[in-house]
Q: 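Pasting a structure below so you can have a look.
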Amino acid sequence: MQIKFKSVPCSITALSVLARPALALQSDTASGVAGCAMCSTFLAIPIVILVLNIALLVWVARDAKARGMDSAVLWMILVMFTSVIGLLIYIFSRPQGNLIRCPNCGNNRMQASVKCPHCGSA
């Protein structure tokens with residue numbers, strides 16, 4: 001009986017010695033996966049910001065054209081370089097009024113405008 005009792009701790013010790021490299025490998029793999037997830041997050045944030053900026057620029061251009069403003073490109077450039085501050089300047093300085101759908105082309109135009117800025121019809 002004593003032989004079995006002594007062999008059990010030896011086998012446990014042997015297993016723990018053999019398992020140490022495997023445990024170290026698992027912790028390296030886990031940190032590698034965590035590092036990869038962190039790297040993809042750092043990559044995804046600028047992509048999301050870029051997509052939102054492009055969507056904002058498209059909205060500014062379409063809204064400026066629908067309101068009959070000739071300087072839609074200048075407003076886009078202002079918003080592109082100044083971001084939120086440029087957007088606030090644009091919103092407060094654009095012509096105020098209701099937008100309606102043009103019966104000919106289907107795009108939005110100001111209700112008070114005589115002609116549609118997109119198709120030119122009355």
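Side-chain atoms are counted along with the backbone in the values below, which use heavy atoms only and exclude waters and symmetry mates. Everything numeric in this text was worked out from a predicted model, so none of it was measured.
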Q: Measure the spacing between CZ of R109 and CZ of R101 and express it to the nearest 0.5 Å.
A: 12.0 Å

Q: For residues V60 and L74: do they belong to one hydrophobic cluster (side chain heavy atoms under 4.5 Å, members Ile, Leu, Val, Met, Phe, Trp, Tyr)?
A: no

Q: If you group Ile, Leu, Val, Met, Phe, Trp and Tyr by side-chain heavy-atom gaps below 4.5 Å, do V84 and W59 land in one group?
A: no

Q: Is I85 reachable from M80 through a run of hydrophobic residues whose side-chain heavy atoms are each under 4.5 Å from the next?
A: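 Yes, same cluster.
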
Q: Supply the atom-to-atom distance N53 CG to L87 CG, rounded to the nearest 0.5 angstrom.
A: 10.5 Å

Q: Decide whether V73 and I54 are clustered together by the hydrophobic rule: side chain heavy atoms of Ile, Leu, Val, Met, Phe, Trp, Tyr closer than 4.5 Å, transitively.
A: no

Q: Roughly how far, to the nearest 0.5 Å, is the CG atom of L56 from the OH atom of Y90?
A: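 These two atoms lie 10.5 Å from each other.
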
Q: Would the number of heavy atoms belonging to other residues, nucleotides or ligands and lying under 6.0 Å from CD1 of I100 be above 12?
A: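 Atom CD1 in I100 is packed in, count exceeds 12.
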
Q: Minimum heavy-atom separation for N108 to A66, with atom names?
A: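 Looking at all heavy atoms of both residues, the closest pair is O-CB, 3.3 Å.
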
Q: Looking only at heavy atoms, what is the nearest atom pair of D63 and R94, with distance?
A: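 Smallest interatomic distance, heavy atoms only, reads OD2-NH1, 2.7 Å.
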
Q: With rounding to the nearest 0.5 angstrom, report the OG to NZ distance, S71 to K65.
A: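 Going from OG on S71 over to NZ on K65, the span is 12.0 Å.
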
Q: Can you name the nearest heavy-atom pair linking C116 to C105, along with the distance?
A: SG-SG, 3.7 Å

Q: Any chain of hydrophobic side-chain contacts (each under 4.5 Å) joining L78 to V58?
A: no

Q: Say you draw a straight line from CD1 of I47 to CG of L50; how long is it, rounded to the nearest 0.5 Å?
A: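 The CD1 atom of I47 sits 8.0 Å away from the CG atom of L50.
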
Q: Hey, what do you get for CD1 (I77) to CG (L57), rounding to the nearest 0.5 Å?
A: 10.0 Å

Q: If every non-hydrogen atom of P95 is compared with every non-hydrogen atom of R67, which pair is closest and at what distance?
A: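 Smallest heavy-atom distance, with atoms named: O-NH1, 2.8 Å.
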
